[in-house]
Amino acid sequence: MSADHDYMRRALELAARGLYTTTPNPRVGCVIVRDGAIVGEGFHERAGEPHAEVLALRAAGERARGATVYLTLEPCAHYGRTPPCADALIEAGVARVVAAMRDPNPRVAGGGFEKLRAAGIAVETGLMEEQARALNIGFVSRMTRGTPWVRLKVAASLDGKTALANGKSQWITSVEARRDGHAFRARACAILTGIGTVRDDDPRLDVREVETPRQPLKVLVDSRLEAPLDAKLFQSGKVLVAAAVNDEARIAALQARGVEVVVLPNAGGKVDLAELMRELGRRELNEIHVEAGFKLNGSLMREGLVDELLVYLAPSLLGESPSGMFNLPRIEDLDARWRLEFQDVARIGPDVRLLARVLR
């Protein structure tokens, strides 16, 4: 029914209000409808605070009895930081629950729907599931794979160059593109870069161009612990350095600045990037936003750790330069190419933004 779509669309709008704040929890919206009118709404804002269903039920009060509930995600059926939302819906006496998708959390995974059905509540699922999944793509990734969703951002000229031959790169793209990129930074749980970017650009790696209630964790891949202690990214916020050497003196110096260090070497003496992603998953990080140089970009792509590319293309040509988007090996057969699927193409100021999924 078109009304179902309208109410679910509203629930998704509510869920999106938690875009920057719900981590490590999913973004969830809830709308309660009785006799063709909305009687309660809610969205989850922060871990430990009431879930969307509880807030909507509070707003609805007795009007929730016999109502239809529209949820962007299956209600939880277990005790976590808060009691089970499935129980709250049952106690409120709702008649029907329309949910966009099943919860990928193994602790729920259908259990919420089972509770509702056992209590005689009609349950329907799958309405606008694609939109709901996109809103929680990082949470789904962590729950199903144990690793975050990795979005790699690149700003380049139309001929694919990210810097001049002399290393200068500020600014290839426009103010509007940088602001848009900061919005993607803000929704991420962590911003990841490499030692090359710190050495060349000395970035702060925080969110400045858009309002945000929190700053993401900053993650630096620095195999030999070469980052200068006065680097700008160490001057504010939480920072995690991933290294491949256990240099106690250097680690102590970083720790004295409030920086956490994890040592994750691979057989080649570099940081084990796959293990780093597993570590970030264990730390309950849902989305990782990568802003690095072509070497680290290439390593992440070669190891199959990138899920999505966020590319800003400027209407300019930089000509001969060694600085491309990715340091990838030469291939001799088109069948060996990295395949992508475009998700979105948009004009951002004078630039073009491409969002593309990496096909496995």
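With sequence neighbours excluded, the residues forming a side-chain hydrogen bond (donor to acceptor under 3.5 Å, both in side chains) with Ser299 are Arg302, listed by chain and number. Residues passing the side-chain hydrogen bond (donor to acceptor under 3.5 Å, both in side chains) test with Gln255, sequence neighbours excluded: none.
The nearest pair of heavy atoms linking Leu135 to Arg187 is O-NH2, 3.8 Å. Counting all heavy atoms, side chain and backbone alike, Ala243 lies closest to Leu225 at CB-CD2, 3.6 Å. For the residue pair Phe234 and Arg257, the shortest heavy atom distance occurs at CB-NE, 4.0 Å.
Atom CG in Leu14 sits 9.0 Å away from atom OG1 in Thr72 (nearest 0.5 Å). Here the straight-line distance linking atom CG of Leu71 with atom OG1 of Thr125 works out to 12.0 Å at 0.5 Å rounding. To the nearest 0.5 angstrom, Asn136 atom CG is 10.5 Å from Arg142 atom CZ. Rounding to the nearest 0.5 Å places CG of Leu280 at 12.5 Å from CD of Glu284. Between the CZ atom of Phe184 and the CZ atom of Arg151 there is a distance of 6.0 Å, given to the nearest 0.5 Å. Here the straight-line distance linking atom CG of Leu309 with atom CZ of Phe326 works out to 4.5 Å at 0.5 Å rounding.
At a threshold of 4.0 Å, the pair Glu287-Arg27 counts as salt-bridged, since one of the basic side-chain nitrogens sits closer than that to a carboxylate oxygen. A salt bridge between Asp159 and Lys161 is absent, with no side-chain N of the basic residue lying under 4.0 Å from a carboxylate O of the acidic one. A salt bridge does not link Lys218 with Asp206: every distance from a Lys NZ or Arg NE/NH1/NH2 to an Asp or Glu carboxylate oxygen is 4.0 Å or more. Ion pair Glu176/Arg179 not flagged as a salt bridge, since none of the NZ, NE, NH1 or NH2 atoms sits closer than 4.0 Å to an Asp/Glu carboxylate oxygen. Between Asp222 and Arg250, no side-chain nitrogen of the basic residue sits less than 4.0 Å from a carboxylate oxygen of the acidic one, so the salt-bridge criterion is not met. A salt bridge links Arg282 with Glu279; the closest basic N to acidic carboxylate O contact falls under 4.0 Å.
A side-chain donor-acceptor contact under 3.5 Å links Arg337 to the backbone of Leu334. The backbone N or O of Gly181 sits nowhere less than 3.5 Å from a side-chain atom of Arg178 that would complete a donor-acceptor pair. Asp201 places no side-chain N or O within 3.5 Å of a backbone atom of Pro203 that could act as its donor or acceptor partner. Put simply, the side chain of Asp307 gets close to the backbone of Val150: a donor and an acceptor are under 3.5 Å apart. Checking side-chain atoms of Asp351 against main-chain N and O of Ser174 turns up a donor-acceptor pair under 3.5 Å. Not a single donor-acceptor pair under 3.5 Å links the side chain of Thr147 to the backbone N or O of Gly281.
Residue Asp180 is tested with Arg185, Arg353, Lys153 for a salt bridge (Lys or Arg N to Asp or Glu O under 4.0 Å); the sole match is Arg353.
Side-chain atoms of Ile288 and Val219, non-hydrogen and from C-beta on, never get closer than 4.5 Å to each other. Residues His182 and Thr212 form no side-chain contact, since every pair of their non-hydrogen atoms from C-beta on lies 4.5 Å or further apart. Under the 4.5 Å side-chain criterion, counting only non-hydrogen atoms from C-beta, Cys30 is not in contact with Val97.
Leu355 and Val358 are not part of a single hydrophobic cluster, where members link through side-chain heavy atoms under 4.5 Å apart.
No more than 12 heavy-atom neighbours from other residues, nucleotides or ligands sit within 6.0 angstrom of CZ on Arg224.
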All N/O donor-acceptor pairs, side-chain side in residues 38-48, below 3.5 Å, sequence neighbours left out:
{"residue": "Glu41", "atom": "OE1", "partner": "Arg10", "partner atom": "NH2", "Å": "3.0"}
{"residue": "Glu41", "atom": "OE2", "partner": "Arg10", "partner atom": "NE", "Å": "2.8"}
{"residue": "His44", "atom": "ND1", "partner": "Pro50", "partner atom": "O", "Å": "3.2"}
{"residue": "His44", "atom": "NE2", "partner": "Asn25", "partner atom": "ND2", "Å": "3.0"}
{"residue": "His44", "atom": "NE2", "partner": "Arg46", "partner atom": "O", "Å": "3.2"}

